[in-house]
Amino acid sequence: MTVTPAGMAAKDAVYRQSLAALLVALDAVERVSLTAWLADINAKDPDRPA
């Protein structure tokens with residue numbers, strides 16, 4: 001069993017929340033980038049098979 005200093009649990013919670021928010025933001029950017037890239041490919045050759 002480990003002993004954590006007072007306030008460390010709150011700091012960990014803030015850190016985890018910040019990390020989760022960063023991952024959500026990166027996922028959104030990746031999704032937008034992928035959508036734009038696929039739209040660009042489709043615009044160049046609309047008859048291209050998937």
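The first residue of the sequence shown is numbered 1, and numbering continues consecutively from there. These numbers come from a predicted model, not from an experiment.
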Summary of salt bridge (charged side-chain N to carboxylate O under 4.0 Å, His left out) pairs that have at least one residue in residues 25-34, sequence neighbours excluded: Asp27-Arg31

Same hydrophobic cluster for Ile41 and Leu34, using side-chain heavy-atom links shorter than 4.5 Å among ILVMFWY? yes

Show which side-chain atoms of residues 14-21 pair as donor or acceptor with protein atoms under 3.5 Å away, not counting sequence neighbours.
{"from": "Ser18", "atom 1": "OG", "to": "Val14", "atom 2": "O", "distance (Å)": "3.0"}

Just grab all the side-chain hydrogen bond (donor to acceptor under 3.5 Å, both in side chains) pairs involving residues 32-42, residues at least two apart or on different chains. Asp40-Lys44

